[in-house]
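Heavy-atom basis, side chains included; hydrogens, waters and symmetry copies ignored.
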Amino acid sequence: MGLRFGYADTSFGQVHYAEQGSGPVLLLLHQTPRSWDEFRELIPLLAPGYRVIAMDMVGFGASAALPAPQTIEAFAAGAWALLDALDISGVAVLGHHTGAAVALEMAAADPHRVEAAILSSCPWTDEAYRAGHAGSGGVDRAERAPDGRHLQTLWDLRRPYYPKPGTDLLDRFVHDALTFGMDPAEGHRACARYRMEDRIGAVRAPVLLVGAAADPFSIGNLQTLRARLTAAPVVEEAIFADGTVALIEREAPGIAAAVGRFLRVVRREPGCPADPTNKDRSADRAEPGPPGGPGE
């Protein structure tokens, strides 16, 4: 069966999601200020082996609004509310940028339900990060103007970090950024409120760290994330040399292959290694990037 859409009634209000496939559940969590659409290319590639659910996190897309100040913990609670409404217990979670922080929080908050976590372009939101991002709202901060100049501002702020020409991807980003009633910068502020250093040690699920070498806002975080995932039994890395902030859309086949292999390994499926290790599989790493990056 092809892609289907639905709404679930939750304590936050109605939560919108896209779904395809059957089997073990894989939940997909997007970056700020995107929606399920960020995973449009990836969903059908994963659906042959999984029940893939790509939600609009609460406060985004067609899901219920979430008043400011927003938090990563609230986004995670919204994801759990969706899973509860769908009567899903155990789940693997894949998140990109903001979604990666949410996936990490889900794994820390309820380790018995998160079977595996794939953290794509994950921010590292420690004290220094919070100090550097306080109140800024990051790259998607654009005051709405009667002459529409904010549309150009949103486009121009993202364009340097997208593949060239990237017109189709930027169209989709701007569409999501203009969702009625949403501040496209508030999700970035939620990241800046999150004390990841206090939560990451509680992650007990196997973790795949996915990095985009051409994403200056996240690639430099891999070493710190790996070092801080002290309770995770498995930590692997997949680095995409040409990956940008739009990693999920442009590298969908490679990501699907890496995710599929990782999940088969951690589930000990036939034909896969029986003893995954914490071996460092990283490529050359870039230095931490400038503050206020897209999708944080």
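- The shortest side-chain heavy-atom distance between D215 and Y161 does not fall under the 4.5 Å cut-off.
- From L119, atom CG reaches atom CG of L104 across 5.5 Å, with rounding to the nearest 0.5 Å.
- Residue I53 forms a side-chain contact (heavy atoms from CB on, under 4.5 Å) with just one option from L29, L28, I88, and that option is I88.
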Let me see the working for L178 and L154 under side-chain contact (heavy atoms from CB on, under 4.5 Å), right down to the final yes or no. CA-CA 10 Å; L178 296 178; L154 288 167; 4.2 Å; yes
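- For residues 196-205, every residue pair satisfying the side chain to side chain donor-acceptor pair (under 3.5 Å) rule, not counting sequence neighbours, is listed here: E105-R199, R130-E197, R195-D198.
- Atom CD of E186 and atom CZ of F60 lie 8.5 Å apart (nearest 0.5 Å).
- Distance check, rounded to the nearest 0.5 Å: CZ of F39 to CG of L46 gives 10.0 Å.
- Between F75 and A190, the closest heavy-atom pair is CE1-CB, 3.8 Å.
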Evaluate the side-chain contact (heavy atoms from CB on, under 4.5 Å) criterion for residues V207 and L225: first the C-alpha distance (whole Å), next the side-chain angles of each, then the deciding distance (0.1 Å), finally the verdict. CA-CA 10 Å; V207 174; L225 291 165; over 6 Å; no
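- The backbone N or O of H16 lies less than 3.5 Å from a partner atom in the side chain of S63, making a donor-acceptor pair.
- Considering OH of Y7 and CG of L82, their distance stands at 12.5 Å, rounded to 0.5 Å.
- Annotation for D242: atom CG does not count as buried by contact number, only 12 or fewer foreign heavy atoms lying within 6.0 Å.
- In plain terms, the two heavy atoms of A205 and A232 that are nearest each other are O-CB, 3.4 Å.
- To the nearest 0.5 Å, atoms NE2 (H97) and NE2 (H30) are separated by 13.5 Å.
- Here the side chains of R250 and T244 are not in contact, with every heavy-atom distance at 4.5 Å or above.
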Are I200 and L229 close enough, and set up right, to give a side-chain contact (heavy atoms from CB on, under 4.5 Å), and what steps lead you there? CA-CA 6 Å; I200 193 169; L229 285 162; 3.5 Å; yes
For I72 and C191, what are the C-alpha separation, side-chain angles and deciding distance, and is it a side-chain contact (heavy atoms from CB on, under 4.5 Å)? CA-CA 6 Å; I72 296 299; C191 280; 4.0 Å; yes
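- Around the CZ atom of R144, the shell of radius 6.0 Å holds more than 12 heavy atoms that belong to other residues, nucleotides or ligands.
- The CG atom of D171 sits 4.5 Å away from the CH2 atom of W155 when rounded to the nearest 0.5 Å.
- Shortest non-hydrogen contact noted between E237 and R226 is OE2-NE, 3.0 Å.
- Using modelled atom types, one side-chain atom of R193 and one backbone atom of Q70 make a donor-acceptor pair closer than 3.5 Å.
- Here the side chains of L86 and V25 are not in contact, with every heavy-atom distance at 4.5 Å or above.
- Hydrophobic clustering (side-chain heavy atoms under 4.5 Å, transitive across Ile, Leu, Val, Met, Phe, Trp, Tyr) keeps V259 apart from L45.
- Note on residues 35-44: pairs passing side chain to side chain donor-acceptor pair (under 3.5 Å), not counting sequence neighbours, are Q31-E38, R34-D37, S35-D176, D37-R40, D37-R172, E41-R172.
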Check the pair R189 / D140 against salt bridge (Lys or Arg N to Asp or Glu O under 4.0 Å), numbers first and verdict last. CA-CA 11 Å; R189 299 186 190 105; D140 297 324; over 6 Å; no
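- Closest of all the heavy-atom pairs between D110 and W80 is CB-CZ2, 3.6 Å.
- The main-chain N or O of T98 is never found under 3.5 Å from a side-chain atom of H188 such that the two would form a donor-acceptor pair.
- L263 and A116 get closest at one heavy-atom pair: CD2-CB, 3.7 Å.
- T179 places none of its side-chain heavy atoms less than 4.5 Å from the side chain of P33.
- By the 4.5 Å heavy-atom criterion applied to side chains, I255 and L42 are counted as neighbours.
- Residue pairs meeting the side chain to side chain donor-acceptor pair (under 3.5 Å) criterion with at least one partner in residues 81-92, sequence neighbours excluded, are D84-R113.
- Here the shortest heavy-atom pairing between V93 and A103 reads CG1-CB, 3.5 Å.
- A distance of 6.0 Å or more separates the ring centres of Y194 and Y129.
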